[in-house]
Structures are given as C-alpha cells and as structure tokens.
Number of protein chains: 2
Amino acid sequence: MASDQTRTAILRAAERLYADRGFADVTLRDIVAEAGVNLAAVNYHFGSKDELITELFVTRSIATNRERLTELKAAEAAGGGRAPIDAVLRALVAPTLRGCFGPEGERSDAARFMIRASVEAVAPIRKIKNRELDHLRKFAAAMQRAMPELPEVEIYWGLHFALAMAHHTIRDSERLQKLSDGQCDLDDVEAIVDRVVNAAVLALQSGTKLGEAKPKSQRAN
Amino acid sequence: MASDQTRTAILRAAERLYADRGFADVTLRDIVAEAGVNLAAVNYHFGSKDELITELFVTRSIATNRERLTELKAAEAAGGGRAPIDAVLRALVAPTLRGCFGPEGERSDAARFMIRASVEAVAPIRKIKNRELDHLRKFAAAMQRAMPELPEVEIYWGLHFALAMAHHTIRDSERLQKLSDGQCDLDDVEAIVDRVVNAAVLALQSGTKLGEAKPKSQRAN
DNA sequence: TTGCATTTCAAACGCCTGTATGAAATCATC
DNA sequence: GATGATTTCATACAGGCGTTTGAAATGCAA
C-alpha cells in the first residue's frame with residue numbers, strides 16, 4: 001500500500017474547501033483540483049462522494065469528542081471527581097473554539113469543517129449525527145454533578161446556550177468584527193473561551209430566576 | 001394584471017420548502033410542484049431562481065426589521081425615550097422566536113426561512129446581507145442608552161450572544177428536545193423569549209467581570 | 001366577436017454534477 | 001527484469017439542474 005498520499009490529499013483538500021465554502025458550493029472536481037489528483041481517485045478510494053464526507057465527519061467527530069472528554073476528565077480528576085461548572089463548560093466549548101481561533105499552529109480546518117457540518121447538515125451527515133446526543137449527555141451529567149441543586153431542565157438549557165454562543169461566534173465572527181468596527185478581539189482565543197464560559201455559567205442560573213419573579217419590564221403583547 | 005396568484009403561489013411554496021429543507025435540497029421543480037404551477041412560470045415572473053430568492057429575502061428582511069423596530073420604539077416611548085435593557089433585547093429576538101414557536105396563527109414559514117438564509121448564506125443573499133449591520137447598530141445604540149456605563153465592546157458581545165441563543169434555539173430545537181427528553185418546553189414562546197432575554201442580560205455583564213478577577217477554576221492546560 | 005397583450009404550458013436546450021470504464025502507469029515480489 | 005496486483009488517468013455516461021423557446025390559452029378592450 002504505497003500511497004495513501006492520494007487518500008489523505010483528498011481528505012485534506014475536501015476538508016479545507018468544505019470548511020471555507022460550505023458543502024453546496026464544492027464539487028468533486030474542485031476537490032481533486034485542490035488535491036492535485038485525478039477525478040476518478042475519489043470514487044476509487046472512497047466509493048462515493050457521500051462516503052468521503054462521511055469518513056471526514058466521523059473521523060473529526062471522534063477526534064473532537066475525545067478532545068472534549070480528555071479536558072473534562074482532567075478537570076474532574078483535578079477536583080477529585082467533581083469539576084467546577086466553568087471547567088465543565090470550558091471542556092465543552094474550548095476545543096472547537098481553539099481550532100477556529102487558536103494560534104497558527106493549533107488552528108485547523110477541522111474545527112471549521114465541523115461547524116459547517118453541524119449547520120448545513122448534508123444528507124450523509126444527518127444520518128450519523130444522533131450519536132452526538134450520547135456525547136452531550138456526558139457533559140450534562142458532569143454539569144449536574146457540578147451543580148446538584150440545579151433543576152435538570154436548566155442544565156440542558158445551559159448546555160444548549162453554551163454551544164449556541166460558541167458556534168455562533170465561529171460562524172458569524174465576520175459580522176461581529178464589522179458590527180463592532182474591530183473592537184471585539186477575536187485573536188485572543190482564551191479570552192473568547194472565558195467570555196463564552198462566563199456567559200454560559202450566568203445563563204445557567206438565569207432560568208431559575210424566571211420562576212421567582214415576573215420580569216420587570218412589560219412583556220410585549 | 002389578473003393573476004399574481006401564480007407569483008404569490010411561487011413565493012409561498014419557495015418559502016415553505018426553503019424553510020423546511022434548506023436551499024441546497026430544493027430545486028425549481030420542487031417549488032413549482034408545490035405551488036401547482038408550470039416550471040417556466042418562475043423565470044417568467046422573477047427572471048431567475050436567484051432573483052426569486054432575492055425577492056423573498058428582501059421582503060422578509062424588511063418585514064422582520066420593521067417588527068423589531070416597532071417593538072423597540074414602543075418600549076422606548078413607554079420609558080420616555082429610554083427602554084430598559086431587557087425590553088431592547090426582547091424587541092430584537094422576540095419577533096423571530098414568535099414566528100418560529102408562536103401559536104398556530106402567528107407561526108410562519110417566514111421566520112424559519114430567515115434563519116435558513118442567515119445560516120446557509122446562498123450566493124444571492126450574501127450580497128445583500130450587509131444592510132443588516134445598519135439595522136443591528138440601532139439596537140446596539142438602544143442598548144447603550146439603556147446601559148450607558150457599559151463599555152461599548154460589551155454591548156456588541158451581548159448583542160451577538162443574544163442573537164446566538166435565539167437563532168440556535170430555532171435551528172437546533174429538535175436536538176434540545178431529544179437531549180432533554182422533552183423536558184425543555186418549546187411550546188411556550190414567551191417563556192423561551194424570557195429565557196433568552198434573561199440569559200443575554202446576564203451575559204452583558206459577564207464580560208466586564210472578566211477583567212476584574214481571574215476565573216476561579218484553573219484555565220485548562 | 002375581433003384583436004392584442006398577458007400569461008401558461010410542454011418540450012427542449014446546454015451545462016454541470018457524481019459515477020463508471022478500460023487502458024496506461026506504477027509498484028512490489030520473485 | 002518479468003509478473004501480477006495496485007493505483008492513476010483521460011474520457012465518457014446518464015441524470016438533474018436552471019433556463020429558453022414558441023405555441024397555446026387566457027384576459028381584456030373595442
């Protein structure tokens with residue numbers, strides 16, 4: 001098996017192009033041109049376009065989940081089996097944010113590809129995606145351990161909002177830059193992570209306060 | 001000009017299909033089948049597929065912006081020119097959330113279409129989208145009036161996070177349902193709006209606290 | 001009804017897509 | 001170096017796409 005150069009060249013090229021332009025705008029001919037290989041190579045090595053995308057997604061999905069769990073377990077080990085809530089949320093959002101905004105070395109097409117995959121949800125990916133739920137449940141459990149007094153439903157909303165802020169920051173970073181005239185600094189990843197984690201921690205507690213008292217301002221119609 | 005029935009039938013069908021299935025998966029043949037009109041009608045009435053999408057987006061974009069501004073101005077008028085921060089944020093996120101989760105009557109394909117448009121960013125839409133910035137700046141200004149002491153950069157992050165939570169809740173409502181085993185109630189729109197607004201208000205203040213003290217738990221690595 | 005403009009329709013066009021084919025090139029093993 | 005499997009390559013294929021066409025149908029004014 002002399003050359004899986006071709007295989008990996010295709011994977012890399014596909015990942016970069018999909019990350020940059022999305023799934024709809026990238027054809028196999030674009031990919032093989034970027035990879036510098038022959039058109040037929042895709043079907044020879046992967047069987048079909050869908051299988052190429054599937055392999056890309058599965059590989060990266062496993063890698064992302066492993067990164068997150070490694071960071072979570074490290075935090076929980078440091079705390080004797082229970083990590084503080086901000087450490088749990090950090091383990092959830094930091095790997096992807098670092099992959100998108102991190103220093104040159106850490107930055108990868110992989111993270112941006114995964115964001116595209118989660119947003120555009122092309123057919124072959126949609127079928128696999130359910131496995132993600134089990135992964136997220138592990139974080140919900142860790143969050144519950146960190147805040148045992150919090151109602152379970154609040155945990156899910158908090159997890160949901162944390163991912164919302166992280167993903168949206170990646171997807172719409174350009175708009176945030178323009179809107180703020182460059183004031184919002186997206187070069188310091190750890191500052192972004194801190195910001196998202198902090199906001200998510202506060203959001204976690206906002207839900208319970210909803211029941212305690214009506215919001216002060218009038219609810220519109 | 002007897003029949004713009006055909007025109008509006010096409011617009012309605014396109015909006016529904018794009019909202020349901022996204023831009024990539026819907027062809028002109030799907031649209032005309034759904035609308036019950038002839039294939040050539042699209043090009044006759046709109047010129048091209050891109051112009052159809054553009055008209056749909058521009059129309060809905062204007063309507064959404066008007067809804068938001070109406071609610072904002074009402075809130076500011078009630079407060080004598082200055083609305084409380086939660087009312088400003090509510091005006092920003094409520095119209096779209098109501099359009100997606102509201103009671104049967106209020107619910108529309110339009111809101112879901114706009115979410116698709118903002119996420120998938122197909123070519124004809126990408127070109128127009130810059131006008132949205134001016135619209136968002138009005139909300140940034142209202143937020144700044146509500147919280148004059150807050151650094152400007154925090155305003156932009158808060159606005160960004162508010163939209164993040166609202167949009168993500170719409171896009172990934174299914175996952176949130178599954179993850180929480182149905183515990184997260186998505187039938188009560190106003191409760192969702194309250195939740196998003198509350199979380200966003202708290203997020204607004206989380207940024208300034210970042211500078212005051214290092215987070216308590218260790219930053220990973 | 002006649003005449004003309006508007007609107008619909010079935011059919012076809014050219015293009016681009018993912019996939020398949022079979023020959024040529026390359027590699028490993030003897 | 002010869003042999004046989006693996007990998008590359010140019011090329012072709014069928015199908016779906018947005019768009020165009022020209023004739024038929026419809027609406028409306030005189």
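First the proteins, then the strands, lettered A, B, ... as listed; each starts at 1.
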Novice: Grab the CZ-C1' distance between B/Arg7 and C/dT6 for me, whole Å please.
Specialist: 15 Å
Novice: With a 4.0 Å heavy-atom cut-off, tell me which residues in residues 26-38 of chain B come close to DNA chain C, sorted by residue number.
Specialist: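 Hits under 4.0 Å, by residue number: B/Arg29, B/Asn38.
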Novice: Among C/dA12, D/dA10, D/dT11, which is the nearest nucleotide to the side chain of B/Leu39?
Specialist: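 Nucleotide nearest to B/Leu39's side chain: C/dA12.
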Novice: Name all residues meeting the side chain to side chain contact (heavy atoms under 4.5 Å, CB included) criterion together with B/Val189; count only those two or more places apart in sequence or in a different chain, and write none if there are none.
Specialist: B/Arg98, B/Phe101, B/Pro103
Novice: Can you check the B/Phe46 CZ to C/dT7 P distance for me, whole Å?
Specialist: 12 Å
Novice: Per the side chain to side chain donor-acceptor pair (under 3.5 Å) rule, what does the pair list look like for residues 137-146 of chain B, sequence neighbours excluded?
Specialist: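 Only B/Glu76-B/Arg145 qualify under side chain to side chain donor-acceptor pair (under 3.5 Å).
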Novice: Apply ring pair (Phe, Tyr, Trp, His ring centres under 6.0 Å) to A/Tyr156 and list each qualifying residue two or more places apart in sequence or on a separate chain.
Specialist: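 Counting only residues at least two positions away or on another chain, A/Tyr156 forms no ring pair (Phe, Tyr, Trp, His ring centres under 6.0 Å).
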Novice: Using only side-chain N and O atoms of A/His45, determine if any of them is under 4.0 Å from OP1 or OP2 of D/dT6.
Specialist: no
Novice: Identify, with sequence neighbours excluded, every residue that meets salt bridge (Lys or Arg N to Asp or Glu O under 4.0 Å) alongside A/Glu15.
Specialist: A/Arg60
Novice: Measure the distance from CG on B/Asp4 to C1' on C/dT8 and round it to the nearest whole Å.
Specialist: 15 Å
Novice: Once you round it to whole Å, what is the distance between P of C/dT17 and CD1 of A/Ile53?
Specialist: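 Rounded to the whole Å, the gap is 14 Å.
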Novice: What are the residues of residues 16-24 of chain B, sorted by number, that bring a heavy atom to within less than 4.0 Å of DNA chain D?
Specialist: none
Novice: Applying side chain to side chain contact (heavy atoms under 4.5 Å, CB included), name anything that partners A/Arg126, two or more places apart in sequence or on another chain.
Specialist: A/Ala121, A/Ala123, B/Asp25
Novice: Between B/Glu120 and B/Ile125, is there a side-chain heavy-atom distance shorter than 4.5 Å?
Specialist: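 Not in contact.
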Novice: Rounded to whole Å, how long is the line connecting atom OH of B/Tyr44 with atom P of C/dT8?
Specialist: 7 Å
Novice: For B/Arg171, check salt bridge (Lys or Arg N to Asp or Glu O under 4.0 Å) against everything at least two apart and list the hits.
Specialist: none
Novice: In this structure, how many angstroms lie between the C1' atom of C/dC27 and the CD atom of A/Gln5, rounded?
Specialist: 13 Å
Novice: Over how many whole Å does the gap from B/Asn43 atom CG to D/dT20 atom C1' extend?
Specialist: 8 Å
Novice: Check salt bridge (Lys or Arg N to Asp or Glu O under 4.0 Å) between B/Asp30 and all other residues, then give those that pass, not counting sequence neighbours.
Specialist: B/Arg21
Novice: Under 30°, 30 to 60°, or over 60°: which ring-plane class applies to A/Phe161 and A/Trp157, parallel, tilted or perpendicular?
Specialist: tilted
Novice: Within the structure shown, what part of the strands sits under 4.0 Å from A/Ala41 by heavy-atom distance: base, sugar-phosphate, or nothing?
Specialist: nothing
